[in-house]
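Only a predicted model underlies this, so the values are computations on that prediction, with no experimental measurement involved.
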Amino acid sequence: MVLSLFSISKSQNREVMLLSDNTYEYISRLQKRGFLLDLNPTSLPYTYFEISSAIENVPISSLSKSEMEWYYFIKRRVNKTSKKDKSFKTLEIDNEVQLSDSKRLNTLDPLRDNFFIYPQVRLRGVLGNEFFVGSLNLTHSLYYDQDPDGIDVGDRLYIRPEDSYLGLNYSNFDLYLGRYDHHWAAYNQSSVILSNNARSFDKIKLGYTGKYISFQSILGELDNLSPNGSFQGKAIQNGSQRRYIAAHRFDWRPFKNLTLTYFESVIYSGYNSGISPKFLNPFLVFGFISSNSPINDDVNLLMGSSIWWNYQNITFDGQFLLDDIHVEDKNEVTTYSVMGNINIADIVSNTDIGFSLEAVAYQTYNAPEAEGRYLYLRRGIATQNTDYVLTKLYSKIYLDKFVTGLSITPSLTYYLQGEQVINQPIVRTNPDGSLIDIILTGEVEKTLRGGLNIFYNPHPNFWFELDTGYNKVESYQNISGRSNNRFSTIAKFGFRLRLY
């Protein structure tokens with residue numbers, strides 16, 4: 001369920017567009033063709049104000065027929081009020097059902113082979129003006145209860161107040177307090193630092209957006225660690241450790257088609273830890289303060305950088321993160337994450353091709369102490385897994401000239417998963433005493449998937465998606481000689497009702 005807000009005009013609507021909104025798909029398509037680059041492609045989410053401002057700068061005469069369809073789709077979604085309106089009020093209900101032959105909603109790593117139905121209803125209401133926005137959002141989801149990887153977050157009627165926040169805006173500055181997802185990577189690409197994989201956590205977000213330089217700072221509260229060293233979703237007894245996350249990003253955009261970013265993140269914790277102002281200050285660099293006196297908390301530091309570049313119909317984005325680096329200590333390994341994607345748009349008419357790579361070392365996002373693990377309610381804050389390599393080759397075919405809103409994406413994915421996971425004690429050596437491999441440890445599970453995605457979204461208020469394919473798995477669950485060849489499919493359809 002979702003409750004909306006009010007604003008001085010459509011151009012001043014500071015409501016956050018949720019990352020689950022399919023409008024991002026169309027924004028991403030145009031960005032890969034050199035349009036809508038007033039929006040930072042690797043800093044999601046956007047506000048309705050940012051999108052409506054950027055869409056007005058698109059040279060309509062330069063758009064192809066399909067691009068025009070995408071342009072007007074975005075415009076229909078963001079222009080919810082007229083320019084003459086002095087206030088903004090919206091009440092919407094999103095309804096979506098996912099049908100799956102896996103308990104886990106992941107076609108590449110399915111769990112069990114039964115039929116599962118996961119309904120979700122979101123009620124959102126928002127109100128605001130040019131300086132203020134407030135959103136109340138209630139989400140009912142059966143997957144809160146059934147998620148095999150995370151902790152149940154919707155004990156009462158399967159409802160959680162996701163995406164509820166209060167925002168203040170003045171000129172190029174913004175301050176948000178509440179609970180909604182951030183994704184510091186291009187849309188539909190994995191992130192090495194902050195993604196929408198985990199459930200949204202309560203946070204303070206401070207930001208500045210300039211023509212060339214921008215920054216964001218996030219300070220959030222995570223789940224506590226219980227006295228026995230486990231994550232249970234409820235840890236209030238003596239001996240529990242309080243956990244917080246802070247993250248900074250600095251963007252330099254010398255040209256609209258080039259974004260260079262430095263980012264860093266810390267999880268800090270302790271028996272008496274609390275909100276610490278120094279971690280919200282974007283101009284205090286974590287790499288220099290995390291080990292300086294006074295040391296009041298245990299700290300797990302991550303830092304990295306990214307690049308997003310577009311030239312005509314070619315788009316490249318890459319990310320690199322260091323979790324730990326050791327030069328002289330031969331008993332320790334350097335841990336990292338690397339991700340990249342190259343996309344060539346319209347290689348033939350209305351057809352894109354692309355290639356993606358992800359590599360995450362075994363110890364990345366883990367820590368010697370459990371409280372430092374990069375998890376929230378057992379779901380990864382960046383990626384769900386560690387110790388893996390993934391490559392994907394895909395082609396995206398847009399069929400708008402035949403059926404408005406229809407696209408199909410055949411793909412071939414090769415996924416290698418080592419034995420290590422984030423939520424475990426760190427293993428430093430093999431059984432023979434030798435230093436463990438940096439990545440792809442032990443018996444490696446190998447998955448080759450041929451997939452087909454069918455996406456149909458003729459109107460912002462109706463959508464259907466089918467993701468199906470066949471997985472050929474060797475060394476299933478890291479057991480030599482064991483296979484698990486199977487089809488893996490998720491279908492979802494949804495509609496949105498505008499009540500006010």
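Although no hydrogens or angles enter the test, the distance criterion places no donor-acceptor pair under 3.5 Å between the side chain of Ser102 and the main chain of Leu105. Formation of a donor-acceptor pair under 3.5 Å by the Ser217 side chain with backbone atoms of Leu280 is found in this model. The backbone N or O of Gly418 lies less than 3.5 Å from no partner atom in the side chain of Thr441, so there is not a single donor-acceptor pair. Between the side chain of Gln120 and the backbone N or O of Thr139 there is no donor-acceptor pair closer than 3.5 Å. Of the possible donor and acceptor atoms, none in the side chain of Thr42 sits under 3.5 Å from a partner among the backbone N and O of Ala185. Formation of a donor-acceptor pair under 3.5 Å by the Arg242 side chain with backbone atoms of Asn224 is not found in this model. Using a distance-only test at 3.5 Å, with no hydrogens or angles considered, no donor-acceptor pair links the side chain of Arg160 to the main chain of Leu138. A donor-acceptor distance shorter than 3.5 angstrom exists from the side chain of Asp152 to the backbone of Gly154, with no hydrogens or angles considered. Arg77 places no side-chain N or O within 3.5 Å of a backbone atom of Pro460 that could act as its donor or acceptor partner. With hydrogens and angles ignored, the 3.5 Å screen pairs no side-chain donor or acceptor of Ser475 with any backbone N or O of Asn478.
With ring centers used as reference points, Tyr46 lies under 6.0 Å from Tyr24. Taking the six-membered ring where the residue is Trp, the centroids of Tyr158 and Tyr144 are separated by 6.0 Å or more. Residues Tyr165 and Tyr180 place their aromatic rings such that the two centres sit under 6.0 Å apart. A ring-centre distance under 6.0 Å is found for Tyr268 and Phe279. When ring centroids are compared, Phe286 and His248 come within the 6.0 Å threshold.
The side-chain heavy atoms of Tyr388 and Gln420, taken from C-beta on, include no pair separated by under 4.5 Å. Side-chain contact between Ser337 and Gln319: absent, with no pair of heavy atoms (C-beta onward) separated by less than 4.5 Å. For the pair Val78 and Met17, the minimum side-chain heavy-atom distance is below 4.5 Å. Residues Asn453 and Leu466 form no side-chain contact, since every pair of their non-hydrogen atoms from C-beta on lies 4.5 Å or further apart.
In summary, Asp163 and Arg179 do not engage in a salt bridge, as defined by a charged side-chain N under 4.0 Å from a carboxylate O. Salt bridge Asp317/Lys32: absent, no basic N to carboxylate O contact under 4.0 Å. A salt bridge is absent between Glu371 and Arg373; no separation between the charged side-chain nitrogens and carboxylate oxygens falls under 4.0 Å. Remark: Asp467 engages Arg449 in a salt bridge, criterion side-chain N to carboxylate O under 4.0 Å.
Tyr271 OH: 12 or fewer foreign heavy atoms inside a 6.0 Å radius. Annotation: Arg486, atom CZ; neighbour count of heavy atoms from other residues, nucleotides and ligands within 6.0 Å is above 12. A 6.0 Å sphere centred on CZ of Phe283 holds more than 12 heavy atoms belonging to other residues, nucleotides or ligands. Applying the 6.0 Å contact sphere to CG of Asn228 captures more than 12 heavy atoms from other residues, nucleotides or ligands. The number of heavy atoms from other shown groups lying within 6.0 Å of NZ (Lys392) does not exceed 12.
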- Start with the C-alpha distance between Asp113 and Lys103, add both sets of side-chain angles, then the distance that settles salt bridge (Lys or Arg N to Asp or Glu O under 4.0 Å), and finish with yes or no. CA-CA 8 Å; Asp113 192 7; Lys103 183 175 184 179; over 6 Å; no
- Task: Let me see the working for Tyr456 and Phe462 under side chain to side chain contact (heavy atoms under 4.5 Å, CB included), right down to the final yes or no.
- Result: CA-CA 9 Å; Tyr456 179 53; Phe462 173 78; 4.0 Å; yes
- Intermediate values then yes/no, side chain to side chain contact (heavy atoms under 4.5 Å, CB included), Ile436 and Thr429: CA-CA 5 Å; Ile436 198 169; Thr429 58; 5.9 Å; no
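Scanning both residues, Pro45 and Glu50, for their nearest heavy atoms gives O-OE1, 4.5 Å. The nearest pair of heavy atoms linking Phe201 to Lys203 is O-NZ, 3.2 Å.
With sequence neighbours excluded, the residues forming a side chain to side chain contact (heavy atoms under 4.5 Å, CB included) with Asp174 are Asn169, Tyr176, Lys205, listed by chain and number. Annotation: side chain to side chain contact (heavy atoms under 4.5 Å, CB included) contacts of Ser265 (sequence neighbours excluded): Ile193, Ile245, Ala247, Tyr374.
Between Tyr336 and Phe320, the ring planes lie parallel to each other; the angle is under 30°, not in the 30° to 60° tilted range.
A side-chain donor-acceptor contact under 3.5 Å links Tyr394 and Asn343.
Partner Arg199 forms a side-chain hydrogen bond (donor to acceptor under 3.5 Å, both in side chains) with one of Asp147, Asp223, Asp181 and no other, that one being Asp147. The side-chain hydrogen bond (donor to acceptor under 3.5 Å, both in side chains) test with Gln477 singles out one residue from Arg482, Glu419, Glu445, and that residue is Arg482.
In this structure, the separation between CG on Leu375 and CG on Asn197 is 9.5 Å, given to the nearest 0.5 Å. With rounding to the nearest 0.5 angstrom, the CD atom of Glu96 is 6.0 Å from the CH2 atom of Trp463.
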Side-chain polar contacts of residues 232-241 - donor-acceptor pairs under 3.5 angstrom, sequence neighbours left out - could you list them?
unit_1 : atom_1 : unit_2 : atom_2 : d
Gln232 : NE2    : Ser230 : OG     : 3.0
Ser240 : OG     : Ala235 : O      : 3.4
Ser240 : OG     : Gln237 : O      : 2.9

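Relative to the six-membered ring of Phe231, Arg378 misses at least one condition, a distance below 6.0 Å or an angle of at most 45° to the axis. Remark: Lys472 is not positioned above the aromatic ring of Tyr470, lacking an NZ or CZ atom under 6.0 angstrom from the ring centre and at most 45 degrees off the axis.
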